[in-house]
Amino acid sequence: MNTIIEIYLVVCVLLLLFDITFLVMKNLRNQEFYPKNRSLEEKLREEIQLRRQTGAFSQDFEEDLGTKLGKIRNLITLMDVLDGNQAAAEWFRPAVFAQIEEYRKKNDYEQAYYAYVVSRFDYESEPVPPEFAAKFMAFLDSKSLYTFANAMDALYQFGRTNLLLAALEKVDECQGFYHQKLLVDGLLTSRADFRELNPALVKAFDRHTPFLQECLLNFFRMTGYDVSALCLRLIQNGENTDQEVRYGAMRYFTKYPNAQSQSLFLSILQREEDPWMDQMLAIQALEHAGDAAVKDAVLKKVTSPNWYVRTKAIACLHRWGLTKSQIFDILYLRDKYADNALLYQYRNEKELSHYIIDTIQLLQRQDESINDGAEPLPV
């Protein structure tokens, strides 16, 4: 046994040494490929200080800056310096932009880093030049996810509706390459004018694939833009609408219900043959209604064979508030799954949870007495 433990400890030590060696070698390799330019770093700091004092860089430095930034190690050096001098970033933007043609010829790593640098500039006070933006769109043709993602981050910062619409076409062409969450989060944080962007997205909606349509519905739901007419059409089209897109449209109404959606979802609950996902989302969307017809339709779903539907139904009824008499009517159905769901919903309400437990036990004893041929216990 001691020998086995010793061998195990030796293996652990060797693995630890391997990890340390690997990290050291990787760091040295990165420094070898893209070492920071120490002399340029010092020069940049001097020139930033000079510009703060005099309002301009030295002539030799400004003439030479473009050539230097055409090399990735110098661009990395610049960004390291700017991390501590954010206010000076705009002074270097023209020189960085001037190198776009040079970086379009470089490898994926260098293109990705260039796109990242472009995304770091401020475009609120000074919009991106149209001629630069047109050239920059070429980075979306990259096969590298890093380049593509960094280029999209830059486009969100540009805040130009026409550029975002063109970028979405690129996203749609390579669907799955760029994750849906990245797209939705990017649109939400973009500098675009939503009053201009949202109508443009709705207008182009039908020509997109289901992949992008689902993303856009999530975006509309999160921004609160009124696309109720679009969502109603998608739901009513039934099988002609992609399933995930239809579910996205239904989720929109869980947050922004209206009279038309209430009528539509009530009809879904009244059809037993509708898929469980449709029924669950219908209950969720009707949660804010609570009129008699809705409550009656939801009550009938507490014994649904689908776990998601019945738990959502009982959660909805609990939200509306159930009397002891209504709780008894559910317990009297003698559905153990509905009973468990009720217990879960009322777990923090001492009086009603005790009532549910006592009633379940009483009904069980009643059933046992009937099976034994005795008189049923009073309920």
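- In this view, D193 and R195 satisfy the salt bridge (charged side-chain N to carboxylate O under 4.0 Å, His left out) rule, not counting sequence neighbours.
- Using a 4.5 Å heavy-atom cutoff, the side chains of L281 and F265 are not in contact.
- L182 is not listed as a side-chain neighbour of M152, based on a closest heavy-atom distance of 4.5 Å or more.
- Taking both residues in full, the closest heavy atoms of A282 and I268 are given as CB-CG2, 4.1 Å, listed atom of the first, atom of the second, then distance.
- Side chains of K312 and S304 form no contact here, defined as non-hydrogen atoms less than 4.5 Å apart.
- A salt bridge links E169 with R207; the closest basic N to acidic carboxylate O contact falls under 4.0 Å.
- In this structure, Q59 places its CD atom where only 12 or fewer heavy-atom neighbours from other residues, nucleotides or ligands lie under 6.0 Å away.
- Listed by first and then second residue, the salt bridge (charged side-chain N to carboxylate O under 4.0 Å, His left out) pairs involving residues 234-250 are R246-D278 (not counting sequence neighbours).
- Taking both residues in full, the closest heavy atoms of K106 and E110 are given as CB-OE1, 3.3 Å, listed atom of the first, atom of the second, then distance.
- The hydrophobic cluster containing F61 does not contain L50, counting ILVMFWY residues as joined when their side-chain heavy atoms lie under 4.5 angstrom apart, directly or transitively.
- Partner of L317 under the side chain to side chain contact (heavy atoms under 4.5 Å, CB included) criterion, out of I327, I283, V302: V302 alone.
- The 12-atom threshold is exceeded at CD of Q86, counting heavy atoms of other residues, nucleotides or ligands nearer than 6.0 Å.
- Ion pairing between R233 and D206 holds under the 4.0 Å rule for side-chain N and carboxylate O.
- Closest approach of V294 and A289 over heavy atoms only: CG2-CB, 4.1 Å.
- In this structure, K301 pairs ionically with E272, as a charged nitrogen and a carboxylate oxygen lie closer than 4.0 Å.
- Here R120 pairs with D83 under the salt bridge (charged side-chain N to carboxylate O under 4.0 Å, His left out) rule; sequence neighbours left out.
- Among all heavy-atom pairs drawn from L165 and A200, the shortest one is CD1-CB, 3.9 Å.
- More than 12 heavy atoms of other residues, nucleotides or ligands sit less than 6.0 Å from atom NZ of K255.
- With hydrogens and angles left out, the side-chain atoms of N74 and T77 include no donor and acceptor closer than 3.5 Å.
- Taking the six-membered ring for Trp and the full ring otherwise, F136 and F158 have centroids separated by under 6.0 Å.
- Within the 4.5 Å cutoff, no side-chain heavy atoms of L75 are placed close to those of Q99.
- Listed by chain and residue number, Y256 satisfy the ring pair (Phe, Tyr, Trp, His ring centres under 6.0 Å) test with Y252 (two or more places apart in sequence, or in another chain).
- Between F57 and F92, the ring-plane angle classifies as tilted under the 30° and 60° cut-offs.
- Put simply, W307 and Y344 are part of two different groups of oily side chains (I, L, V, M, F, W, Y) that touch within less than 4.5 Å, one to the next.
- Applying the side chain to side chain donor-acceptor pair (under 3.5 Å) criterion to K295, with sequence neighbours excluded, gives no partner residue.
- For an aromatic pair to be called close, the ring centres must be under 6.0 Å apart, and F194 with Y225 fails this.
- Rounded to the nearest 0.5 angstrom, E101 CD and R104 CZ are separated by 4.5 Å.
- Within the 4.5 Å cutoff, no side-chain heavy atoms of V128 are placed close to those of F121.
- Of all the heavy atoms in L201 and F220, the pair that sits closest is CB-CZ, 3.8 Å.
- For the pair V96 and L78, the minimum side-chain heavy-atom distance is below 4.5 Å.
- For the pair K324 and E351, the salt-bridge criterion is met [side-chain N within less than 4.0 Å of a carboxylate O].
- Residues Y337 and V309 are members of separate hydrophobic clusters, defined by side-chain heavy-atom contacts under 4.5 angstrom among Ile, Leu, Val, Met, Phe, Trp and Tyr.
- Looking at N198 and D226, their side chains never come closer than 4.5 Å, going by heavy atoms from C-beta outward.
- A ring pair (Phe, Tyr, Trp, His ring centres under 6.0 Å) with Y114 holds for exactly one of Y103, Y146, F97; it is Y103.
- Residues I360 and Q364 are in side-chain contact: their nearest non-hydrogen atoms beyond the backbone lie under 4.5 Å apart.
- The side chain to side chain donor-acceptor pair (under 3.5 Å) check on R310 picks up nothing, with sequence neighbours excluded.
- We find that D122 and R93 are not joined by a salt bridge, their nearest charged nitrogen and carboxylate oxygen being 4.0 Å or further apart.
- Taking a cutoff of 4.0 Å between a charged side-chain nitrogen and a carboxylate oxygen, R45 and E42 do not qualify as a salt bridge.
- In this structure, R221 fails the cation-pi test against F219, since its NZ or CZ atom is not both closer than 6.0 Å to the six-membered ring centre and inside 45 degrees of the ring normal.
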